Amino acid sequence: MLLAEVAATSEAVAAVSGKKAKVELLAGALRAATAAELPSVAAWLSGQTRQRRLGVGWAAVSALLDGGPPEPAAATLTVEGVERAFEALQDAGGAGSQAARAALLRDLVLAATGPERRLLAGLVTGELRQGAQAGLLLDAIALAAAVPAAAVRRAVTLTGDPAAVAVAALDGGEPALAAFGLRVGTALSPMLAASAPSLTEAFAKTGPAGVEWKLDGVRVQVHRDGDDVAVFTRTLDDVTARLPGLVAEARTWPAGRFVVDGEVLALRPDGRPEPFQVTSSLVARHTRTDTERPLTTVLFDALHVDGTDLLDADGPTRRAALATVAPAGLLVPRHVVEDAADPGEAAAAEAFAADALARGHEGVVVKALAGAYAMGRRGAGWVKVKPRITLDLVVLAAEWGHGRRTGLLSNLHLGARDPGGRFGPAGGFVMLGKTFKGLTDAMLAWQTEHLRGIERSSNGWRVDVEPTLVVEIAFDGVQTSSRYPAGVALRFARVLAHRPDKPAGEADTVDTVLSYRPV
DNA sequence: CCTTAGACCTG
DNA sequence: GTCGCTC
DNA sequence: GAGCGACAAGGTCTAAGG
């Protein structure tokens with residue numbers, strides 16, 4: 001199969017708007033691939049490569065395509081050849097490897113026609129933007145193989161390997177998919193949480209629920225089979241080698257064979273959690289020193305224990321199984337609410353959540369007692385509740401948007417008042433970060449118009465404006481920053497509303513922002 | 001030796 | 001990670 | 001309700017350049 005066929009499919013998928021039409025196009029390409037080509041085609045048509053890392057990205061591609069190098073007269077690249085090139089990119093390492101990778105990419109791109117270049121660039125940068133990703137590819141596999149989508153989804157969430165599932169589905173149909181099961185040692189898609197602004201609204205989604213602390217760390221899935229222990233992240237990355245302490249600890253737990261779900265984080269000597277930045281840095285590091293802070297593991301779910309799969313079991317059953325895996329001190333604190341309409345129970349839940357916050361944790365996750373473990377889903381089974389901070393800040397500049405936001409001023413530079421001149425001229429504004437979130441199409445249109453009216457200067461991608469427009473911003477907290485003058489940046493900032501009625505002189509000050517630094 | 005660019009990972 | 005739009 | 005895409009910020013690692 002020629003890469004041109006895959007590229008043409010991707011172009012066609014991008015050109016149609018309906019999901020069904022996209023799925024049909026994807027399914028057609030999957031059917032046309034041979035068994036050997038299918039893993040590559042399935043991966044690429046969901047915007048991914050089979051290689052976890054290629055070592056080339058946006059910069060390498062844009063340097064190559066800059067100046068519009070001439071295209072070949074005919075399409076010659078094959079799926080198999082491109083797959084081999086991707087393998088070579090992944091395998092390149094050591095001195096001189098950057099040049100080797102650049103040469104590999106250059107050979108590939110210069111041999112590619114226009115649509116093929118668009119596909120290759122999208123794969124390398126991870127931004128294919130054809131309006132279909134892994135989710136629609138699952139439907140396409142189901143359609144191509146004439147099997148239920150649910151069977152495909154289950155197999156993919158159990159293995160994390162859509163390519164293998166595609167091969168099994170088209171080759172062996174539903175019986176082959178049914179043969180996929182939970183395997184200790186193979187990562188499966190973790191269950192995700194929706195969010196709600198309050199406990200009351202969370203309970204409305206879940207019904208009777210267990211309320212658990214929400215810990216601000218890194219999600220881990222721990223597998224043990226005897227002495228074999230493996231640890232995976234939320235994206236199924238294998239981090240076993242980076243967490244030797246957890247591996248050793250897991251070998252001492254009472255159960256010999258299990259898959260459990262939890263979080264690792266760094267705690268201070270007083271038991272309060274370190275800021276996420278500290279935990280993240282410890283987990284990311286490939287080498288350990290004896291003096292650095294150990295990571296603490298907290299467990300909150302069990303997917304398999306000593307021969308029993310628990311994916312379809314309810315919450316209390318899984319929690320009871322978890323209690324047989326590890327010492328009680330490692331289990332996340334949990335408070336069960338049978339009837340949220342009962343004022344006493346509701347008050348107790350609020351007190352439990354307030355205590356979690358008082359101890360420095362992020363909030364709570366409300367987990368339906370009745371729910372199964374919904375792999376890879378962000379459904380109503382788990383609902384996180386975190387406090388929200390809002391401030392009135394001033395727009396200092398805005399950046400032009402991309403994709404569906406092309407032609408609109410999107411990313412806002414946010415500043416707080418600095419009346420005392422702590423970080424710049426007295427009476428000026430201190431930048432605290434940027435955000436593009438929370439803006440509706442109407443808000444984008446309005447702010448583009450308004451900001452152009454108060455434009456001060458422009459450099460092609462950024463428009464600096466008079467600091468007069470106040471925006472109401474919600475965020476989760478402040479984190480330390482080396483990028484911004486006040487030494488802090490807002491975490492997960494999003495726009496709630498424009499406040500053209502409010503004078504910039506009444507916006508919040510940098511001192512108010514600094515008061516939200518963790519204790 | 002140190003600095004920098006880029007890729008890639010996390011919430 | 002959050003949010004809005006589309007199907 | 002699910003899927004997609006709009007993009008942030010900080011951190012580590014690798015390779016390259018001085």
Side-chain angles (χ1 to χ4, degrees), chain A residues 16-23 46-47 52-63 89 92-102 124-139 149 153 192-195 214-220 233-235 237 239 242 263-265 275-287 362 376-380 384 386 388 399 401-406 408 410-414 432-444 474-484 488-496:
Chain A
V16 298
S17 62
K19 280 185 193 172
K20 281 177 72 176
K22 287 176 191 282
V23 167
S46 63
R52 189 166 267 284
R53 57 202 307 166
L54 295 176
V56 287
W58 185 87
V61 170
S62 70
L89 280 169
S97 61
Q98 262 181 30
R101 278 196 295 265
V124 166
T125 61
E127 299 190 341
L128 187 55
R129 287 177 196 167
Q130 59 180 9
Q133 297 185 130
L136 293 196
L137 187 85
L138 291 190
D139 290 343
R153 171 177 287 281
L192 306 173
S195 66
K214 183 173 192 325
L215 302 161
D216 196 6
V218 173
R219 185 87 174 264
V220 285
T233 64
R234 203 170 78 89
T235 52
D237 217 358
V239 288
R242 287 191 234 164
E263 193 96 357
V264 293
L265 73 165
F276 173 75
Q277 286 166 310
V278 173
T279 291
S280 169
S281 147
L282 286 171
V283 174
R285 209 166 302 170
H286 285 204
T287 52
E362 254 196 308
R377 307 302 274 269
R378 195 183 291 280
K384 55 189 159 192
K386 297 194 281 188
R388 189 184 80 168
E399 294 172 18
H402 298 86
R404 69 186 302 279
R405 290 189 177 185
T406 299
L408 294 166
S410 171
N411 205 355
L412 299 177
H413 294 206
L414 304 170
L432 294 163
K434 312 182 205 177
T435 185
F436 49 85
K437 295 177 186 131
L439 297 161
T440 64
D441 287 357
M443 289 163 80
L444 283 162
F475 59 101
D476 285 11
V478 297
Q479 56 188 5
T480 61
S481 168
S482 57
R483 180 175 311 203
Y484 295 113
V488 294
L490 306 179
R491 194 174 184 203
F492 307 144
R494 58 266 189 197
V495 180
L496 295 179

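Numbered from 1 within each chain, the chains take letters A, B, ... in sequence-line order. The shown structure was predicted, so the numbers you read here are calculated from the model rather than taken from an experiment.
- Atom CZ of A:Arg53 has 12 or fewer heavy atoms from other residues, nucleotides or ligands within 6.0 Å.
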Evaluate the criterion side-chain contact (heavy atoms from CB on, under 4.5 Å) for residue pair A:Asp216 and A:Arg491; output intermediate values, then yes/no. CA-CA 13 Å; A:Asp216 196 6; A:Arg491 194 174 184 203; 2.7 Å; yes
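- Going from atom CG of A:Leu89 over to atom C1' of B:dA7 covers 13 Å, rounded to whole Å.
- Applying the 4.0 Å criterion to OP1 and OP2 of C:dC7, one finds that A:Lys22 has every side-chain N and O outside that range.
- Atoms CZ (A:Phe276) and P (B:dC9) sit 15 Å apart, rounded to a whole Å.
- Looking at heavy-atom distances under 4.0 Å, A:Lys214 makes no contact with the nucleic acid at all.
- A:Ala60 comes within 4.0 angstrom of the backbone, heavy atoms only, and of no base.
- A:Leu128 has its CG atom 12 Å from the C1' atom of D:dC4, to the nearest Å.
- Salt bridge annotation for A:Lys22-A:Asp139: absent, with no cationic side-chain nitrogen under 4.0 angstrom from a carboxylate oxygen.
- Rounded to the nearest 0.5 Å, atoms CZ (A:Phe436) and CD (A:Glu399) are 10.5 Å apart.
- Nearest nucleotide to the A:Leu54 side chain, out of B:dC8, B:dA7, C:dG1: B:dC8.
- The distance from the CD atom of A:Gln130 to the CG atom of A:Leu136 is 9.0 Å, given to the nearest 0.5 Å.
- Of the two residues near DNA chain B, A:Gly217 and A:Val56, the one whose nearest nucleotide lies more 5' is A:Val56.
- Stem analysis of DNA chain D (Watson-Crick or G-U pairs, both distances under 3.5 Å, runs of at least three) returns B:1-10 with D:9-18, C:2-7 with D:1-6.
- Taking only side-chain nitrogens and oxygens, A:Ser17 never comes nearer than 4.0 Å to OP1 or OP2 of C:dT6.
- Counting only heavy atoms from C-beta on, A:Arg53 has its side chain closest to B:dC8 among B:dC8, D:dC4, B:dG6.
- The CZ atom of A:Phe436 sits 10 Å away from the C1' atom of D:dG5 (whole-angstrom rounding).
- Of the side-chain N and O atoms in A:Thr440, none sit less than 4.0 angstrom from OP1 or OP2 of C:dC3.
- In this structure, CZ of A:Arg491 is placed 14 Å from P of C:dC3, rounded to the nearest angstrom.
- Under the side chain to side chain contact (heavy atoms under 4.5 Å, CB included) criterion, A:Tyr484 pairs with A:Met431, A:Lys434, A:Ser481, A:Ala489, not counting sequence neighbours.
- The residue A:Thr233 sits close only to the backbone: its heavy atoms come under 4.0 Å of sugar-phosphate atoms, none of a base.
- Within the nucleic acid shown, A:Asp476 has no heavy atom closer than 4.0 Å to any nucleic acid atom.
- For A:His402 and D:dG5, the shortest distance from a side-chain N or O to OP1 or OP2 is not below 4.0 Å.
- Here the closest heavy-atom approach between residue A:Lys384 and residue A:Arg378 is recorded as NZ-NH1, 4.0 Å.
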Going 5' to 3' through nucleotides 9-18 of chain D, assign each nucleotide B (protein heavy atom under 4.0 Å from a base atom), S (under 4.0 Å only from sugar-phosphate atoms) or - (no protein heavy atom that close). SSSSS-SS--
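- Taking side-chain N and O atoms only, A:Arg405 has no distance below 4.0 Å to OP1 or OP2 of D:dG5.
- Residue A:Lys19 places no side-chain N or O under 4.0 Å from the OP1 or OP2 atom of D:dC4.
- Remark on DNA chain D: of its neighbouring residues A:Gly403 and A:Asp139, the 5'-side contact belongs to A:Asp139, judged by nearest-heavy-atom nucleotide.
- Of all heavy-atom pairs between A:Thr279 and A:Val264, the closest is CG2-O, 3.6 Å.
- For A:Leu192 and D:dG1, the CG to C1' distance is 15 Å, given to the nearest whole Å.
- Note on A:Arg242: every side-chain N or O is 4.0 Å or more away from OP1 and OP2 of B:dC9.
- Using a 4.0 Å heavy-atom cutoff across all strands shown, A:Ala132 reaches sugar-phosphate atoms only and no base atom.
- No more than 12 heavy atoms of other residues, nucleotides or ligands sit less than 6.0 Å from atom CZ of A:Arg388.
- The minimum heavy-atom distance between A:Val56 and A:Arg101, with the atom names listed, is CG1-CB, 4.0 Å.
- Whole-Å rounding puts the A:Arg404 CZ to C:dG4 C1' distance at 7 Å.
- Between A:Gly217 and A:Phe276, the shortest heavy-atom distance links the atoms O-CE1, 3.6 Å.
- Atom pair A:Arg153:CZ and D:dA2:P shows a separation of 8 Å (rounding to whole Å applied).
- Residue A:Gln130 is classed as a sugar-phosphate contact, given heavy-atom separations below 4.0 Å to backbone atoms only.
- Counting any heavy atom pair closer than 4.0 Å across all strands shown, A:Val283 reaches no nucleic acid atom.
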